[in-house]
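Here is the structure we will look at, set down as structure tokens.
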Amino acid sequence: MAILANLSHSFTSIIKKTNLYYVAATIVLCCTFYVIGFWPQGGDVTSRQLSSTASILPTLPCNPSIEHTNPNYGSSISIDFTAHHTADDLVPLSSSARVNHYPSCNPELSEYTPCEDSKRSLKFDRNMLAYRERHCPEKNELLKCRIPAPFGYKPPFRWPQSRDSVWYANVPHKHLTVEKAGQNWVRFKGDRFTFPGGGTMFPRGADAYIDDIGKLIKLKDGSIRTAIDTGCGVASWGAYLLSRDILPISFAPKDTHEAQVQFALERGVPALIGIVATNRLPYPARAFDMAHCSRCLIPWGKYDGLYLIEVDRILRPGGYWILSGPPVNWQDHWRGWNRTADDLKTEQDQIENVARSLCWKKVTQRGDLAIWQKPTNHVHCKINRKVFRKPPFCQEQDPDKAWYTKIDACLSPLPEVSSIKDVAGGPLVNWPERLTAVPPRIASSSIEGVTAEGFSEDTELWKKRLAHYKALDSQLAERGRYRNILDMNAWLGGFAAALVDDPVWVMNIVPTEAEVNTLGVIFERGLIGTYQSWCEAMSTYPRTYDFIHADSVFTLYQDRCEMEDILLEMDRVLRPQGSAIFRDDVDVLVNVKSILDGLQWESRMVDHEGGPHVREKLLIATKLYWTAPAPDQDKQ
């Protein structure tokens, strides 16, 4: 037994020694391999690992500058738990998306309007003023620079103060203060222009003039909501209509009356550069409740009444046309107008004859005002074609088509009715109920793919989306911060409808490339808008809009025109310190953001209101404030 015990003890000792040898050998080998692995790296393991990682992921600059001191510890510990990177930082940009910074254009281009350029217009036919219509630059003529604001530019006055005051630095033109000095259009004093509300035909002011109109037709019951002012001057008529809940579009050409539309826009009044010439106005049929001309110098009786035929197309059934100035009341004014009585009487007779041929009814002529009304349907008008053979009814023509479409000398037929008392196309309810009531075009199934239920759902959807936008953009949420708003792809006008209680107006664009033409629906809601192809510049001045909404615009124009050209146009029409919200696919917005960086906008990408798993994202962007250099500095 003793021998067995000694053997067991000896065997145990051998095993323990063997285990110690294995452990020692393992430690030696680990240290050896560590040294071997460390030695070729030159000791800088951390930097090499980081550089290897950076070759895979974009470099993210870290700046842990915030120090937090905990009183429970004896020393200050630099620990920062704040997120310094957002999801859009981690999206690698393709080489094609990387662009250089876009330089500033020459300060002389601060009021550049590409499609109404005075030098280019001289190349075109002067007959019927066709040369003053849109004539856009060719692709190789497009500018690749940012239009500067004039030196000293200031944020416009807020509405309603802006109706009466505009900074001189923003529109540095005194021409109208001299030319229209006796008509109270505009005055200049100190650092600003003021607008007394006067006009050639309303020396007592636009407010009193509109009151006179209100004595002849109903302006207060909500039946008249949309209006168009042809040859608007500085848009005082439109400016004072707004306080009566009537939404106007004012337009005038870019001509010798320098900056008249620009003044209108700086005042916060909806306006576009435009002219009645050879092309249809860029609005659908049956759009406006009221059209107005106050000494607008449009030859209404000439060319077989072509221009009144175009007014008839855009007036809704039962809509009004208001005329003041020559030749109305020529018996009292012909000497002051420097025209012969016979000449003015001939013009008056021409207008009266054209109006009758269009089946319009003359409502009244009182003092310097004459008002006609379009019929609510064409039942009688079709019968009297036996008497008035001109203009004939248009055949197989889309009355809503109005983008570079020539005006035809034919009468756009109204939709058929079953009774002489019916309103063609369906009656419109009065404002404000009109905004949310199902538009007649949708109720009659005239808009492909849009039902009454879908319309109501769209209205509610945009109320939720606007609330989300305001949570993301504090400037949009700040009441009065914005006034002029552009919706680049408006669909049914839901975004504008959601903003109805804010002190803003929205220019709703239906792109000409859209599959479905919904602009008529937008007007039937009591909103305003126009057609536009974003492959071309808009008929407006630089710095028109305070805020731009771009919903799926770049998806729509993919493979149609260049993204950078659309964004350069947005940069042109947006005011310094204005904002934009882009809604599109995440891959599209990554490329948009890279170009915005080149335009020196601030931008950030955020999730869709439906959450992070939705591919559609939002890009919130702000154009930074900058101007042309001071004139003397520019010379140096």
Side-chain angles (χ1 to χ4, degrees), residues 99-113 143-159 161-162 165-173 190-193 259 262-263 265-268 469-470 472-486 488 503-504 507 537-538 540-550 564 566-582 592-606 618-636:
V99 295
N100 296 322
H101 287 291
Y102 293 87
S104 168
C105 300
N106 190 305
E108 294 178 356
L109 295 171
S110 66
E111 294 175 1
Y112 180 57
T113 53
L143 298 181
K144 302 294 182 180
C145 54
R146 298 174 295 140
I147 301 296
F151 177 74
Y153 179 89
K154 300 179 182 180
F157 292 98
R158 293 194 175 190
W159 184 264
Q161 187 183 359
S162 65
S165 300
V166 164
W167 296 115
Y168 170 74
N170 294 9
V171 191
H173 297 289
D191 58 358
R192 68 195 65 182
F193 295 104
Q262 193 174 13
F263 275 128
L265 294 164
E266 281 292 315
R267 297 176 73 186
Y469 286 177
K470 288 185 174 181
L472 297 171
D473 186 346
S474 60
Q475 294 190 113
L476 182 61
E478 182 185 346
R479 189 173 179 83
R481 171 64 180 82
Y482 296 143
R483 173 63 183 170
N484 304 358
I485 293 182
L486 174 67
M488 296 177 68
V504 302
M507 186 62 73
M538 193 175 180
T540 193
Y541 282 87
R543 302 171 297 282
T544 289
Y545 294 101
D546 305 298
F547 179 88
I548 299 177
H549 181 235
E564 72 167 359
I566 299 176
L567 288 168
L568 281 164
E569 174 63 3
M570 293 176 68
D571 183 81
R572 184 183 76 89
V573 303
L574 186 65
R575 300 187 195 279
Q577 299 179 314
S579 295
I581 292 182
F582 301 82
V592 170
K593 187 180 190 309
S594 70
I595 296 176
L596 290 182
D597 291 343
L599 293 171
Q600 300 181 32
W601 290 26
E602 290 183 345
S603 63
R604 58 191 172 93
M605 199 181 303
V606 298
L618 303 177
L619 186 64
I620 316 298
T622 301
K623 178 180 175 180
L624 299 181
Y625 177 88
W626 68 281
T627 71
D632 54 345
Q633 180 182 343
D634 192 42
K635 290 177 184 178
Q636 294 175 2

Using the rule given for ring-ring contact (aromatic ring centres under 6.0 Å, His included), can you reason through Tyr153 versus Trp167, listing the C-alpha separation, both sets of side-chain angles and the distance that settles it, and then say yes or no?
CA-CA 8 Å; Tyr153 179 89; Trp167 296 115; over 10 Å; no

Quick one: do His173 and Tyr168 satisfy side chain to side chain contact (heavy atoms under 4.5 Å, CB included)? Show the steps, please.
CA-CA 8 Å; His173 297 289; Tyr168 170 74; over 6 Å; no

Side chain to side chain contact (heavy atoms under 4.5 Å, CB included) between Val171 and Tyr541, worked out:
CA-CA 11 Å; Val171 191; Tyr541 282 87; over 6 Å; no

Heavy-atom closest pair (Pro107 atom, Pro629 atom, distance to 0.1 Å) is CG-CD, 4.3 Å

Taking the side chain as C-beta and beyond, is there a heavy-atom pair between Pro155 and Gln577 under 4.5 Å?
yes

Tell me the closest heavy-atom pair linking Arg483 and Gly268, and the distance in Å.
NE-O, 3.0 Å

Full working for side chain to side chain contact (heavy atoms under 4.5 Å, CB included) between Met507 and Tyr545
CA-CA 9 Å; Met507 186 62 73; Tyr545 294 101; 3.5 Å; yes

Would Thr622 and Ser603 count as a side chain to side chain contact (heavy atoms under 4.5 Å, CB included) here? Give the steps.
CA-CA 6 Å; Thr622 301; Ser603 63; over 6 Å; no

Flag yes if more than 12 heavy atoms outside Gln600 fall under 6.0 Å of its CD atom; otherwise flag no.
yes

Where Tyr469 and Leu476 come nearest, the two heavy atoms and their spacing:
CB-CD2, 3.7 Å

cation_pi(Arg267, Trp159) dist<6.0 Å, angle<=45
no

Does the side chain of Met570 come within less than 4.5 Å of Leu599's, by heavy atoms?
no

Any chance you could measure Gln262, atom CD, to Arg543, atom CZ, to the nearest 0.5 Å?
6.5 Å

Separation of Ser579 OG from Asp473 CG (nearest 0.5 Å)
4.5 Å

Sorted by chain and residue number, the side-chain contact (heavy atoms from CB on, under 4.5 Å) partners of Pro542 (sequence neighbours excluded) come out as Thr113, Ile147, Arg572

Interatomic distance, CD1@Ile485 vs NE2@His549, rounded to 0.5 Å, equals 10.5 Å

Please determine whether side-chain hydrogen bond (donor to acceptor under 3.5 Å, both in side chains) holds for the pair Tyr102 and Glu564, giving the CA-CA distance in whole Å, both sets of side-chain angles, and the decisive distance to 0.1 Å.
CA-CA 10 Å; Tyr102 293 87; Glu564 72 167 359; 2.5 Å; yes

Of all the heavy-atom pairs spanning Ala477 and Lys470, show the shortest one and how long it is.
CB-O, 3.5 Å

Which heavy atom of Tyr625 sits nearest to which heavy atom of Gly152, and what is that distance?
OH-C, 4.4 Å

Drop me the distance from Phe582's CZ to Lys593's NZ, to the nearest 0.5 angstrom.
11.5 Å

Do Glu602 side-chain atoms and Leu624 backbone N/O form a donor-acceptor pair below 3.5 Å?
no

Could you report the tightest heavy-atom contact between Thr627 and Pro150, atom names first, then the distance?
CB-O, 3.6 Å

When rounded to the nearest 0.5 angstrom, what is the spacing between CD1 in Ile581 and CD1 in Ile620?
4.0 Å

Rounded to the nearest 0.5 Å, how far does CG of Leu486 lie from CG of Leu574?
9.0 Å

Quick check: are there more than 12 heavy atoms from other residues, nucleotides or ligands sitting under 6.0 Å from CD of Glu478?
yes

Using the test side chain to side chain donor-acceptor pair (under 3.5 Å), find all partners of Thr540 that sit at least two apart in sequence or belong to another chain.
Thr544

Could I get the full list of salt bridge (Lys or Arg N to Asp or Glu O under 4.0 Å) partners for Asp546, not counting sequence neighbours?
Arg575

